[in-house]
Amino acid sequence: MGGSGSRLSKELLAEYQDLTFLTKQEILLAHRRFCELLPPQQRGVDESLQARVSAEGILGLPELKANPFKERICRVFSTSPNRDTLSFEDFLDLLSVFSDTATPDIKSHYAFRIFDFDDDGTLNREDLSQLVNCLTGQGADTQLNDSEMKQLIDNILEESDIDRDGTINLSEFQHVIARSPDFASSFKIVL
């Protein structure tokens with residue numbers, strides 16, 4: 001069973017590099033970190049590429065632990081039917097999107113999916129409320145009251161809802177993000 005010292009083949013490494021925004025070194029580091037989350041008998045290259053790690057295992061990584069959207073991140077990047085485990089390729093996709101070299105369009109597309117809590121393809125008032133609560137915290141001292149929340153969501157929709165349908169679609173979201181130069185640099189996870 002190759003140990004955690006097993007290496008990805010040059011061909012596979014090149015393929016992953018072509019399909020992601022990651023360097024070979026970042027891919028190798030990602031594989032090592034992924035293998036550390038697996039039981040010892042699954043840490044060989046072949047076994048690790050077939051294995052899945054629970055979302056809880058991924059959420060335990062220091063890079064995600066404090067992220068208020070960590071559960072949504074795992075859910076969005078998981079390809080499992082229940083969205084509760086990640087394969088190595090899921091993990092690579094996650095790291096690729098959050099890398100410094102991912103394009104602003106890719107980052108905004110995935111940010112939109114992460115913020116779309118009900119997965120309906122739009123950011124409605126409930127999604128925006130959950131988004132604000134994730135950012136401000138759920139504590140009594142940080143959570144907005146109903147009036148403050150309504151006013152904030154009204155302001156967000158006023159600025160972002162170009163077609164005035166009461167929701168923000170991906171195109172509208174990307175339009176807003178394009179006007180925020182700091183977004184891409186703050187949307188990252190570094191291993």
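These numbers come from a predicted model, not from an experiment.
In this structure the side chain of L49 reaches within 4.5 angstrom of the side chain of L8, judged on heavy atoms. In this structure, I177 and K107 have side chains that are not in contact, with every pair of non-hydrogen atoms separated by 4.5 Å or more. Put simply, the side chain of L152 reaches to within 4.5 Å of the side chain of I156, judged on heavy atoms. Two residues are said to be in side-chain contact when any heavy atoms from C-beta on lie closer than 4.5 Å; D118 and D116 meet this criterion. Within the 4.5 Å cutoff, the side chain of L29 has no heavy atoms near those of the Q25 side chain. Counting heavy atoms from C-beta outward, L157 and R125 have side chains that approach closer than 4.5 Å. Contact check for R43 versus E47: no side-chain heavy atoms found under the 4.5 Å cut-off. Proximity of S129 to N133: side-chain heavy atoms (C-beta onward) are separated by under 4.5 Å at one or more points.
Under the salt bridge (Lys or Arg N to Asp or Glu O under 4.0 Å) criterion, E36 pairs with R32, R33, sequence neighbours left out. Take E11 and apply the salt bridge (Lys or Arg N to Asp or Glu O under 4.0 Å) test, not counting sequence neighbours, and it matches no residue.
What you find for L38 and A51 is that their closest heavy atoms are CD2-CB, 3.6 Å. Considering all non-hydrogen atoms of both residues, R52 and T85 come closest at NE-OG1, 2.7 Å. Contact record, F21 with E26: O-OE1, 4.2 Å, taken as the closest heavy-atom pair. In terms of heavy-atom proximity, E172 sits nearest to S160 at CB-O, 3.4 Å. In terms of heavy atoms, H109 sits closest to L170 at ND1-CD2, 3.6 Å. The heavy-atom pair separating F34 from F88 by the smallest distance is CZ-N, 3.4 Å.
We find that E158 and R164 are joined by a salt bridge, their nearest charged nitrogen and carboxylate oxygen being less than 4.0 Å apart. Remark: R83 does not engage D90 in a salt bridge, criterion side-chain N to carboxylate O under 4.0 Å. A salt bridge links D154 and K150; the closest N-O separation between the charged side-chain nitrogens and carboxylate oxygens is under 4.0 Å.
Atom CD1 of I114 sits about 8.0 Å away from atom CG of N67, to the nearest 0.5 Å. Taking OG1 from T20 and CD1 from I27, the interatomic distance works out to 4.0 Å, rounded to the nearest 0.5 Å. Taking NE2 of H175 as the reference point, atom CD1 of I162 lies at 4.5 Å (rounded to 0.5 Å). Note that NZ of K70 is 6.5 Å distant from CG of L59, once rounded to the nearest 0.5 Å. Expressed to the nearest 0.5 Å, how far CG of L86 lies from CG of D93 amounts to 9.5 Å. Summarising the geometry, atom CG belonging to L135 is positioned 11.0 Å from atom OG1 belonging to T142; distances are rounded to the nearest 0.5 Å.
The list of ring pair (Phe, Tyr, Trp, His ring centres under 6.0 Å) pairs with a residue in residues 42-83, not counting sequence neighbours, reads F69-F115, F77-Y110.
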Exercise for the section: Assess whether side-chain contact (heavy atoms from CB on, under 4.5 Å) is satisfied between F173 and L123, documenting all intermediate values. Expected result: CA-CA 9 Å; F173 181 78; L123 301 183; 3.9 Å; yes

Exercise for the section: Give the intermediate values and the outcome of side-chain contact (heavy atoms from CB on, under 4.5 Å) for residues F91 and L61. Expected result: CA-CA 12 Å; F91 187 60; L61 292 171; 3.7 Å; yes

Problem - Candidate pair R72 and R75, rule side-chain contact (heavy atoms from CB on, under 4.5 Å), full reasoning - result: CA-CA 5 Å; R72 284 293 304 161; R75 183 167 177 74; 3.6 Å; yes

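Looking only at atom types and distance, the side chain of E159 has no donor-acceptor partner in the side chain of N155 under 3.5 Å away. When only modelled atom types and interatomic distance are considered, D165 and T167 share a side-chain donor-acceptor pair under 3.5 Å. Residues D120 and T122 bring a donor and an acceptor atom of their side chains to less than 3.5 Å of each other.
Counting only distance, with no hydrogens or angles, the side chain of S78 and the backbone of C74 share no donor-acceptor pair below 3.5 Å.
Under a hydrophobic-cluster definition in which Ile, Leu, Val, Met, Phe, Trp and Tyr are linked whenever side-chain heavy atoms come within less than 4.5 Å, directly or via other members, F98 and L19 are assigned to different clusters. Linking ILVMFWY side-chain heavy atoms closer than 4.5 Å, directly or via other members, places F117 and V176 in two distinct hydrophobic clusters.
When the shell of 6.0 Å around CD of Q130 is examined, it contains more than 12 heavy atoms from other residues, nucleotides or ligands.
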